[in-house]
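For reference, the structure discussed in these notes is given below.
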Amino acid sequence: PRLKRSKRARLDAILRNQVRNKGIVGLQAAVRMPSGEVWVGTAGDAERSPDRPIARDTQFSIASVTKTFVAALILQLAEEGRIDLDAPFGTYFSEAPRPKTVTVRQLLSHTSGIYNYFAHPRYGKAAEAWLRATPTGLNSREHRWTYDEIMGLVKSGYCKPGECYTYSNTNYVILGKVAEAAGGAPIADQLRKRFFTPLGLEDTVYQPAQRPQVDAAHGHWAWPGGYTDHTRNSRVLPFMAAVSVADAAGAIASTAPDLARWAAALYGGEVLSDRSLREMTTILPEGTYGLGTDVASFAGNRGYGHRGGLRGFESSMWYFPESGVSIALLSNQGNWLTDVPVRKLVRTVLGKS
């Protein structure tokens, strides 16, 4: 069905009310129907002081929604015979913990047991320093983290490979290196050649190799009485240290319309073979995760996708297979639950199942 004018008005109102009543800095959302019809809505500001409203093509950090792109890349390389999902990842890249005992599939599904470097106290200290005006060295906002520095935050594991599900960003940093080794090119180039360009994702970039537009949204952190602008004068989102330490676990910047298109293409069968898509969306009994894909229910409607959050940005992208509808919501305010407005958007478009 088409989105009637009354539904479009309700979708716009959801965003406006969230900004006005909940104090959110800014929102951008998109709904893509199976016919290709797209609604895009915005509310609030891309930047404060001076106020600058969000536009339909304003770019945001999408944080861990990046993992859907990396997982799709790995699965395409597997389809081409360049990667065996059930081989130890050390077959392709060995400079990481457990290269002989953890498989590529276990990295994709967060069942490797490898420690999440974001949980390391040293990362926490750096993240606190980023809020100050002039931190230096490893704590500087301008520092470009290396792979070795990231791996220096990886402590002993959570469990033996395959014996537990524990979400770990380290898995996807390693997968980025696996993809580069097996694909024979930088991950930024592979993502652009395979996904961004063919699918018309013109506002999607892999940072810092590719940079967003100068009018991209700034990431904000709310405090009693005001906001901290995480991005300030940075040319990447949210800023160089956060982008580079996130690496293949969360470095992409994009827009809600691009993500709605990506979700429809990925989960609608344009990107992967039926077998690969089935593997990606087969959810583990231990949780709600497949291969680079989460599953959630909004107003009773089951969707595949991912959430993300990174230093002043929150993201949420979902595809609903029963209807073929995809929905993406992006915010340039960090540390709040986007599920409430997403649920309202889904209920407006699909009703309560």
Side-chain angles (χ1 to χ4, degrees), residues 29-34 62-76 78 85 103-112 116 162-169 171-172 175 195 249-250 252 254 256 258-310 314-331 336-353:
V31 174
R32 187 178 185 90
M33 305 299 284
I62 67 168
S64 284
V65 178
T66 298
K67 292 179 174 70
T68 62
F69 288 91
V70 175
L73 173 57
I74 293 290
L75 288 168
Q76 276 200 355
L85 297 183
T103 67
V104 177
R105 187 185 300 276
Q106 288 167 341
L107 292 177
L108 286 166
S109 60
H110 294 297
T111 56
S112 70
N116 180 12
E163 291 189 358
C164 67
Y165 166 83
T166 307
Y167 189 93
S168 174
N169 290 283
N171 292 321
Y172 276 75
L175 283 169
F195 305 139
I252 290 178
S254 186
D258 271 13
L259 287 189
R261 169 69 178 122
W262 168 244
L266 177 61
Y267 300 113
E270 293 181 51
V271 173
L272 299 172
S273 68
D274 290 347
R275 177 180 176 179
S276 293
L277 183 57
R278 213 163 34 242
E279 290 188 278
M280 175 177 260
T281 56
T282 297
I283 304 305
L284 297 170
E286 295 90 343
T288 62
Y289 213 80
L291 303 182
T293 289
D294 208 344
V295 63
S297 180
F298 299 95
N301 297 279
R302 179 183 172 92
Y304 295 117
H306 219 289
R307 303 175 182 86
L310 184 66
E314 297 290 335
S315 53
S316 190
M317 179 196 81
W318 303 97
Y319 175 79
F320 300 90
E322 289 190 8
S323 63
V325 169
S326 57
I327 294 179
L329 176 75
L330 301 177
S331 171
W336 67 285
L337 186 63
T338 57
D339 281 6
V340 173
V342 170
R343 183 169 62 249
K344 292 179 179 179
L345 293 173
V346 172
R347 182 183 288 123
T348 298
V349 177
L350 299 179
K352 189 173 181 179
S353 178

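Residues take their numbers from the sequence shown, with the count starting at 1.
Distance CE/Met280 to CG/Leu266: 4.5 Å, rounded to 0.5 Å. In this structure, CD1 in Ile252 is found 12.5 Å from CG in Leu310, a value given to the nearest 0.5 Å. Atoms CZ and CD1, on Arg105 and Ile74 in that order, are 12.5 Å from each other to the nearest 0.5 Å. Between Leu108 atom CG and Leu75 atom CG the span is 6.0 Å, to the nearest 0.5 Å. Atom CZ of Arg307 sits about 4.0 Å away from atom CG of Asp339, to the nearest 0.5 Å.
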Atom pairs and distances, side-chain donor-acceptor, residues 299-306, under 3.5 Å, sequence neighbours left out:
residue	atom	partner	partner atom	Å
Asn301	ND2	Phe298	O	3.2
Asn301	ND2	Ala299	O	3.2
Asn301	ND2	Gly351	O	2.9
His306	NE2	Tyr289	OH	2.8

Check against side chain to side chain contact (heavy atoms under 4.5 Å, CB included), Val104 and Leu175: CA-CA 8 Å; Val104 177; Leu175 283 169; 4.0 Å; yes

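Proximity of Val349 to Phe320: side-chain heavy atoms (C-beta onward) are nowhere separated by under 4.5 Å. Contact annotation: the side chain of Met317 never approaches that of Ile62 to less than 4.5 Å [non-hydrogen atoms, C-beta and beyond]. You'll find the side chain of Asp294 reaches within 4.5 Å of the side chain of Trp318, heavy atoms only.
The nearest pair of heavy atoms linking Leu291 to Ser109 is CD2-CB, 3.8 Å. Between Gly292 and Thr68, the shortest heavy-atom contact is O-CG2, 3.4 Å. A pairwise comparison of heavy atoms in Ala263 and Ser326 identifies CB-CB, 3.9 Å as the closest pair. Taking every heavy atom of both residues into account, Leu277 and Thr281 meet most closely at O-OG1, 2.8 Å. When all heavy atoms of Ala72 and Leu272 are compared, the pair lying nearest together is O-CD2, 3.7 Å. The minimum heavy-atom distance linking Ile283 with Gly290 is given by the pair CD1-N, 3.7 Å.
Aromatic ring orientation, Tyr165 versus His110: perpendicular (interplanar angle above 60°, classes split at 30° and 60°).
Neither side chain, Tyr172 nor Thr66, offers a donor N or O lying under 3.5 Å from an acceptor on the other.
Residues satisfying the salt bridge (charged side-chain N to carboxylate O under 4.0 Å, His left out) test with Arg343, not counting sequence neighbours, are none. Partners of Ser254 according to the side-chain hydrogen bond (donor to acceptor under 3.5 Å, both in side chains) rule, which considers only residues two or more places apart in sequence or in another chain, are Thr204.
With Tyr319 contributing its side chain and Val325 its backbone, the two residues share no donor-acceptor pair below 3.5 Å. Judged by distance alone, the side chain of Asn116 and the main-chain N or O of Asn169 form a donor-acceptor pair under 3.5 Å. Proximity of a side-chain donor or acceptor of Glu314 to a complementary backbone N or O of Leu337 within less than 3.5 Å is not detected.
Of the residues listed (Val346, Thr348, Leu350), the one engaging Ile327 in a side-chain contact (heavy atoms from CB on, under 4.5 Å) is Val346, and it is the only one.
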